[in-house]
Amino acid sequence: MATESSEGEEETKLMGGNPQLVVDGDLREMAKNAAWSVSSCKPGNGVSALRDDNYETYWQSDGAQPHLVNIQFQKKVKLQLVALYVDFNLDESYTPSKISIRAGDGFHNLKEIKTVELVKPTGWVYISLSGNDPREAFVNTFMLQIGVLSNHLNGRDTHVRQIKVYGPQPNPIPLQPFQFTSTEFITYSILR
Amino acid sequence: MEAVLIECVQNSLRHLLYRNAIFMCERLCSEFPSETNLQLLAACYLQSNQAYSAYHILKGTQLPQSRYLFAISCYQMDLLNEAEMALCPSNEPMAEVPNGAAGHYLLGLIYRYTDRLKIAAHQFNQALSLDPLLWAAYEELCRLGAAGEATTVFGESASECIQKQYMSHHDAGPQLQASSDDHNAVSGRQQMADNVSTRQLRHLNANNIKDNSLNHNGAVFSGSTAASQPSNSVHSNISFYNTPSPMATQLSGVAPPPLCRNVIPNGQLSSSVSADVSPRSTVKSTLQPPRRKFVDEGKLRKISGRLFSDSGPRRSTRLAGEGGPATNTSGVPVNVGNGTTHSSKYPTSSKLGSSTSRSVTVKKGQSLPTETVNEVVDDSRLNTVATTSGSSQSFDTRSCEHDGSMSRASTSVSKVANGALEVLSLLKILGEGYRLSCLYRCKDALDVFLQLPLKHYNTSWVLSQVGKAHFELVDYIEAERAFRGARLASPYSLEGMDIYSTVLYHLKEDMKLSYLAQELISTDRLAPQSWCAMGNCYSMQKDHETALKNFQRAVQLNSRFTYAHTLCGHEYVALEDYENGIKSYQNALQIDTRHYNAWYGLAMIYLRQEKYEFSEHHFRKALNINPCSSVIMSYLGTSLHALKRNEEALAVMEKAIIADKKNPLPMYQKANILVSLEDFDGALAVLEELKEYAPRESSVYALMGKIYKRRLMYDKAMLHFDLALDLKPSATDVATIKAAMEKLHVPDELEDSI
């Protein structure tokens, strides 16, 4: 079950963008073993361009809006952050403008959890999935869908160069209710 | 031409000029093709790291030395089957392994790396029995966990073995001669009983006594003519003894014991002897020291030699220092040397002499090499000599002489014996320490190592072992200290540095670790330990992919370096690539089944994959090898708890708590188990105790808060949750705790997070 954010209907405006990817140390990229798919693409600019760590290659959609990127995980994961690399200077009318993030168990019960509006982004854009409530720091879900609802300058198709999805670091020690913080515990907790 | 070429090749090898050696040896082999020359060529190739060349030229050869060299080249090229065939041809099951101890050791290594551990241990034991100083064989036995106690391995039999080896290597001839000498002397004595007058006896005794510079002894005989003469004769004896060979001819068939012989060459007059003796002095002095050494071998000598030897060795050293017989005091060693050399001239069985000397020794009792003992012995000997009748005197003289000659031989013999004993006593301590640390009885190992003399303790090998022992005891601070000492002692040594890097990793000392890694790489880029250290450095910074690359490099450099495989496994697990992790750990275990870290790694993977039976099995295997590790015990308890075998889990946790008081984890796990068993009071008690040990651990307070919440003691629960949050837990835990706090009054069953 996806936990719902209380402010699922609000929009956030995001401006600018970071050319470098800067993420907290306690976050971990979660989507390496996930199944990625897109609603449509131009040949040669497929979904693999989203994950190749290359800013030159991009995914180009080829169909009707909204354009969707689907990420399906093997089991329920806690997600905290989505990072997108888009560049208005290079892509102009292909740059996404309105983005909606949905989560759920599968295609049948996706629910929108976040909407953002990008304004001339040039680099990495971070979209946090947490709610205001500290209890809702994570979205616990099987599937994430990133939907591009509209582009800058009313473009039809969109270019996205990279997408990364982050969640919390797992407990290094299995079967523990809580993670250890003090040096004594950590020293004795692993053998190397 | 052949001899010239061989000499040239060996000279080049001695001076480490391999290119020259190989070139000349190739010319030698083409000019005089023979298997011995081929062996020499192979040796040149092997010494300059061209095992493949040696392999090709020695293929098919049959001589033992060739087979041994061929086996070495196969081993270096990793062709273990062929190496084994060479050492142990299948069509000759009873053939002797070439090169004795070395061959057995190589065969043992081959068996070990082809997974036949029992026969490997058997081979190493054989190697050790043939050559007790083959430390590498004992090391391998320890690593296989099959080593006998060091005191027995490096004990009496070992010392006898070493002396026999020494003797056979240096002095096959002299030994026999010495014995025959005595024999001749004995028989001659009987014939020349009259010749062997008391005068001779006195001479002998006086000489001996004088040589021993025992004043009172000298005084006893001062009155006799022998006294004056002995001084001369001593001189002459000394000089005389310097050149045994001429003496030998003179002495052959002469009854008097070597001493007397020297004094009385052909005839029976000491004066004549001395006269004859003098001219030879110069010639003999030069030859003396080496002869003495040769004579030193011979356990037989040792016993009789003891009587006179205490003064002997000392005198010998003094003599050697003085560069020749100069004084009376130096006479004894000279005499001894001469005597021994002389005795060597006479190829009669030494047994008679030795038995006599032994009997004498027995009479005098076991004498320790001390001056006083000597004196006592001499005194008693003198007394016996003086009091016995002619025949007995002659017998005594003879025995004295035998003893004299024996002592000559035995001084050198006793020197070797002493040397062997000293080496063995050192090896006993080192061996015992290493054996205990391989059995993971680390506290005992540390105690044993502390018995070493300081100059040996402060060497890099010993300090590395000490550091490793502390590391196994999870005492990383002490381990770091020991390893630091090891680095100071030998900054170029790489032994144990991989463990040092792991210690620094545990202590989170990133500066020291990166410095260590850089230093190691600059010392030796081709050593697996350097890359292990580098990998640990990256792993500490959470860059697991680079760390993995470094560990894989270490594996490439030496695929038999077990720890590199295990570290690869750890990195794969950190990257959540469990399949490759399992493969790496299994590789490590293939090389060394007793590497408990790999068993632990496998068990942790299965624990994460929730295959609890597998994990329990593997934790037990790890615990079998290292029974004192509280970490393994606590994880075993966790697996048992996951299998719902809670009683066993609690029992194991108790053991873990007792095993290491400083480890807080077993107590925490025990509390966990108690909570799941709904024994909240017990759990709380344990956690209260744990608070004392680790007051800043947020998970303790979080767990207590959880328990209080279950017990509906909401105030306490809130308090503890706050405390837990203050200690800055991870983001996940913050969320969990806060959620628990918000829904404090909602029973746990409705929540899915806690």
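The figures here come from the full heavy-atom set of this structure, side chains too, leaving out hydrogens, waters and symmetry mates. Throughout, a chain's letter reflects where its sequence line sits, starting with A, and its residues are numbered from 1.
Neither the backbone nor the side chain of S634(B) comes within contact range of chain A, judged by heavy atoms closer than 4.5 Å. When heavy atoms are compared at a cutoff of 4.5 Å, Q80(A) does not approach chain B at all. For L690(B), the part sitting under 4.5 Å from any heavy atom of chain A is the side chain, from C-beta outward, and nothing else. Contact of P168(A) with chain B is made through the side chain alone, with heavy-atom distances under 4.5 Å. For a residue to count as touching a neighbouring chain, one of its non-hydrogen atoms must lie under 4.5 Å from one of that chain's; by this rule V573(B) does not touch chain A. Neither the backbone nor the side chain of A724(B) comes within less than 4.5 Å of any heavy atom of chain A. Only the backbone of N171(A) comes within contact range of chain B, with heavy atoms under 4.5 Å apart. Contact annotation for K542(B): neither backbone nor side-chain heavy atoms come within less than 4.5 Å of a heavy atom of chain A. Heavy-atom distances place both the backbone and the side chain of N663(B) under 4.5 Å from chain A.
Heavy-atom contacts from other residues, nucleotides or ligands closer than 6.0 Å to NZ of K78(A) number 12 or fewer. Enclosure of atom NZ in K120(A) is not indicated, since only 12 or fewer non-hydrogen atoms of other residues, nucleotides or ligands lie within 6.0 angstrom. Annotation: Y538(B), atom OH; neighbour count of heavy atoms from other residues, nucleotides and ligands within 6.0 Å does not exceed 12. Within a 6.0 Å sphere centred on NZ of K508(B), heavy atoms belonging to other residues, nucleotides or ligands number more than 12.
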TODO: For side-chain contact (heavy atoms from CB on, under 4.5 Å), just list the numbers for K32(A) and E576(B), CA-CA rounded to whole Å, side-chain angles, deciding distance to a tenth of an Å, and then say yes or no.
DONE: CA-CA 11 Å; K32(A) 286 206 186 107; E576(B) 300 206 331; over 6 Å; no
Open item on the list: Test side-chain contact (heavy atoms from CB on, under 4.5 Å) on F180(A) and L665(B); report intermediate values, then the result.
Closed with: CA-CA 10 Å; F180(A) 297 138; L665(B) 240 65; 3.9 Å; yes
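For the set M604(B), K662(B), R696(B), the count of heavy-atom pairs under 4.5 angstrom toward chain A peaks at K662(B).
Against chain A, the residues from residues 606-615 of chain B that qualify, each with a non-hydrogen atom under 4.5 angstrom away, are L607(B), R608(B), Y612(B) in number order. Of residues 184-192 of chain A, those residues with a non-hydrogen atom less than 4.5 Å from any non-hydrogen atom of chain B are, in numerical order, E184(A), F185(A), T187(A), Y188(A), S189(A), I190(A), L191(A), R192(A). Proximity to chain B among residues 39-48 of chain A is not found for any residue, judged by heavy-atom separations below 4.5 angstrom.
Between T732(B) and Q179(A) there is a side-chain heavy-atom pair separated by less than 4.5 Å. With contacts defined as side-chain heavy-atom distances shorter than 4.5 Å, the pair I173(A)/Y635(B) qualifies.
Atom NZ in K728(B) sits 10.5 Å away from atom OG1 in T181(A) (nearest 0.5 Å).
Taking all atoms of both residues into account, the shortest heavy-atom contact from P177(A) to N672(B) is CD-ND2, 3.5 Å.
With sequence neighbours left out, the salt bridge (charged side-chain N to carboxylate O under 4.0 Å, His left out) criterion links D577(B) to no other residue.
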